[in-house]
Amino acid sequence: MSDDASPADAATPDQGGGWPLIDGWAKATLSPRGPKLWQTLNHRSACLSCAWGTGGQHGGFRDELGEPLQRCLKSVEAIMAELQPAVSEGVFGTRSLPELQQLSSMEADRLGRLSYPLLLREGHNHYERIGWDDVFDIAEAAFRAPPERVASYSSGRSSNEAAYLLQLLLRAMGSNNLADCSDLCHAPSTVGLNAVFGSGTSMVSLESLQQADCVVLVGSNAPANHPRLMNELIKLRQRGGSVIVINPVIEVGLLKFGSPAFPLTSMLGGSEIASLFLQPVPGSDTAVFLGLQKALLEAGAVKRDFLAAHAEGWEALLKQLEVTSWEAITTTCGISRQELEHTANVIARARGVVFAWAMGITHHANGIDNVQAIANTALLSGNVGRPGAGTMPIRGHSNVQGFGSMGVTVKLRQEMQQALEQLLGRPLSRVPGYDTRALIEAAGAGRVDSLLCLGGNLWGANPDATEARRALGRIDTILYLATKPNQGHFHGLAARQTLVLPVFNRFETPHRTTTESGNNYVRLNEPGSTHLRHADLISEVAFLAELARRLMGTDPIDWGRLQDPSYVRVLIGRTVPGYGPIARIDATRAEFSVEGRLFERPHFPTPSGRAKVALTPLPELALPAPEHFGGLTPGEGGLVLALITARSYGQHNTVVYQPGDSYRGMPHRHTILMNRADLHRCGLAAHQRVTVQGEAGALEQVEIIPGEIREGAALMFYPEVNVIMKAVIDPRCGTPAFKRVPVLVRGPVSVTQPTGAAQPPR
């Protein structure tokens, strides 16, 4: 569809952003926490929200180029949650575990800030307060287990220094079990891009993005999850560029967005975003990009000279395109040949194209294929290795990429492995570590004794919530380092002892830290202080260094010295590729781009210096019959759909800030967004209550919301929907297929509706 299309449901706004943003800022400002909010917004520390956030040494509202007015409402929501008062002493003393398990994500978050260590003992129904000496005694005993039975899980909330210490601690102990939230989101980007370009991150800086005249945005709801990126898309359209959006759901903010950064233009009537909008079948993105490649080939727009000079394996790809029929491509993706040819023509005419994507690309059983199909399209069109062009995965949590850089990964780069072995004076273990899904499986099999969670919600982030709860329940000891309670602290309980340990957040930490943006820019965060009175908090660096000191003393390094984050940064500079300047950042205060990742010429860190084109097969997409879910009873209408699990607009990862989603017309969490043609086909109606059955369970009394979503697809919110889905993963990286979950929507039995299941397009 073209950019002048708009959602048909009158209940939804006609643009994203706009005055609701001003209203949100105003309410936050006028609240009792308003003065502290503005003090925090101006603190020299990176945004708590997405990896496109601002902050650091440029100041709270400026990006890495020093541009002002670059804060979003998502950042305000995250800060306001951190500025809550402490959870009252009576909460954990009076509320039993079964009561706490009834809390929603939003209710758990709104209990307040954690302010003292908590312990839940086996057989007890209440968390109890304990002291830090007892905490370290328990942690030390737990982590003296055999290294193969010790593991960690982490989110991108923490600092580079904490991430580095976490992986150094486990690797020095002999364990590679460093599961991370990125395993559940952008692992296909890292693995896929590494195979093609020798680097797994964005090759595009903010400055380079501002030189592009076309952005292909795939599988991303940027208005909700990365609002700062919208400013760049608005500027691109203002300078005459094109934005091609590929998404099964027409998100209103991707059609038109009102940004407060442009008060005289964008805020008044909204800015046009998508100049072209394609709605493919969920999971068919590889077919979409094979179609674009075939169209480029047939139009004579493939940059053969560029490929001959800077790529390997491209001849085999051209042969694949020649023998792959248009019928196979269009049948798979549901996009017509004419639409694909028109889109390819826009790409071919552009001077510089940036290909950007989020979890709509990676959350599939063929996520790596999707990423590599995008990379191949960039190569065939000559849009890599120069300013204004390249590949740009859009990372989610604010420092999730920094964790990967620090070595929190089961796929440690050889260069860093050698540097760590030199630092530690001994070889690292070669036993493969557990990624997040492998960790759940190992725990379920009784192979994990001790688990340290540095932020995150391991229970809530996993598919099949029942399986995750059962697996975590077989671990002897779990330590959760967190700033606020979440559902995982009440459902992801260990067999013998569960500890919830309060830590400083980024703008409170009493020492400097660093973080890395999704575009490889390292920010320095200045020290701060907490608003909590009489709180018994600890910094993550202090906790990890003290645990390491108790476990290893001065072997093979002086672990006690690592209490000093400046010394940690010296070690990072010695051992992490591209991070040399961090060793001097305390003196220079100079933020920097990680060396060797931003490619402004077509020479890549592969053995040959050339990119390696990877063949990507057409996906075989098919939904099961209703019998797969037990069949339908006589008179019961039903429809099998490909369910997309997603965040709402008022949500960050598993943390929910607002119960509904006005942009999609979904007033609460217990809703399913469906196409009107699908409703008509199976005799269902808007706002009817249905049962949504997946392979792992069912949710009842779910309200139908009609919306602008591809026929044969539906959308529901996670983490609530996790309970019904099995963990189908990409076998090459372990990432679950959250964006293509087979479900049966069961309507109430009625003599007036069709008997049996309607068969929609896939």
Side-chain angles (χ1 to χ4, degrees), residues 248-249 280-284 331-332 334 363-366 444 462-470 619-646 666 669-707 709-729 736-762:
V249 184
V281 171
S284 70
T331 300
T332 301
H363 272 170
H364 294 283
N366 65 333
N462 266 276
D464 198 340
T466 302
E467 177 203 35
R469 180 173 182 168
R470 185 185 305 116
E620 296 181 5
L621 303 177
L623 290 171
E627 288 70 28
H628 181 73
F629 304 94
L632 295 164
T633 60
E636 181 183 27
L639 183 67
V640 177
L641 298 173
L643 180 69
I644 299 167
T645 73
M666 302 170 78
R669 308 288 299 175
H670 212 54
T671 53
I672 181 169
L673 189 73
M674 291 178 59
N675 183 281
R676 292 172 181 80
D678 288 331
L679 296 181
H680 179 73
R681 185 177 295 111
C682 62
L684 297 175
H687 309 296
Q688 194 170 4
R689 299 281 176 160
V690 294
T691 296
V692 181
Q693 184 174 343
E695 295 175 316
L699 290 170
E700 298 180 346
Q701 294 296 307
V702 178
E703 182 182 359
I704 293 175
I705 304 296
I709 188 168
R710 169 103 202 175
E711 279 189 68
L715 181 146
M716 292 179 71
F717 298 133
Y718 90 101
E720 292 86 350
V721 76
N722 288 355
V723 70
I724 74 172
M725 62 177 291
K726 288 287 187 184
V728 177
I729 65 170
F738 286 104
K739 296 296 188 286
R740 187 178 171 87
V741 180
V743 297
L744 173 62
V745 178
R746 296 176 175 273
V749 175
S750 171
V751 296
T752 62
Q753 68 181 35
T755 300
Q759 297 299 320
R762 54 171 185 273

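Because only heavy atoms are used, hydrogens play no part in the values below, and waters and symmetry mates are left out as well, while side chains stay in. Worth saying up front: this structure is predicted, and the values here are computed from it rather than measured.
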I need the single residue from V741, T645, V692 that forms a side chain to side chain contact (heavy atoms under 4.5 Å, CB included) with M716. Which is it?
V692
Heavy atoms, side chains only, cut-off 4.5 Å: are K726 and E467 in contact?
no
d(I672 CD1, I644 CD1) to nearest 0.5 Å is 10.5 Å
Interatomic distance, L679 atom CG to Q688 atom CD [nearest 0.5 angstrom]:
8.5 Å
Any heavy-atom pair between the side chains of N462 and N722 that's under 4.5 Å?
no
Specify the closest pair of heavy atoms between S284 and T332, including all atoms of both residues, with the distance to one decimal.
CB-O, 3.5 Å
Which distance, rounded to the nearest 0.5 Å, do you find between the NE2 of H680 and the CG of N675?
12.0 Å
The test is side chain to side chain contact (heavy atoms under 4.5 Å, CB included); show your working for E703 and M666 and say whether it passes.
CA-CA 9 Å; E703 182 182 359; M666 302 170 78; over 6 Å; no
Among V690, L684, D678, which one satisfies side chain to side chain contact (heavy atoms under 4.5 Å, CB included) with L639?
D678
In short, V640 meets A625 closest at the heavy-atom pair CG2-C, 4.2 Å
In chain order, what residues pass the side-chain contact (heavy atoms from CB on, under 4.5 Å) check against R669, with sequence neighbours excluded?
S648, Q651, V656, F717, P719, E720
If you look at every heavy atom in L673 and G707, which pair is closest and at what distance?
CD1-CA, 3.7 Å
Closest contact, heavy atoms only, V728 versus A365
CG1-CB, 4.3 Å
Minimum heavy-atom separation for F629 and Q693, please, with both atom names.
O-NE2, 2.8 Å
Let me confirm one number: the CZ-CD distance from R676 to E711, rounded to the nearest 0.5 Å.
12.0 Å
So how far is it from L744 CG to E627 CD, rounded to the nearest 0.5 Å?
9.5 Å
CG of L643 to CZ of R740: how many Å apart, nearest 0.5 Å?
11.0 Å
Please give me the minimum heavy-atom distance between P282 and K739, naming the atom from each residue.
CB-O, 3.7 Å
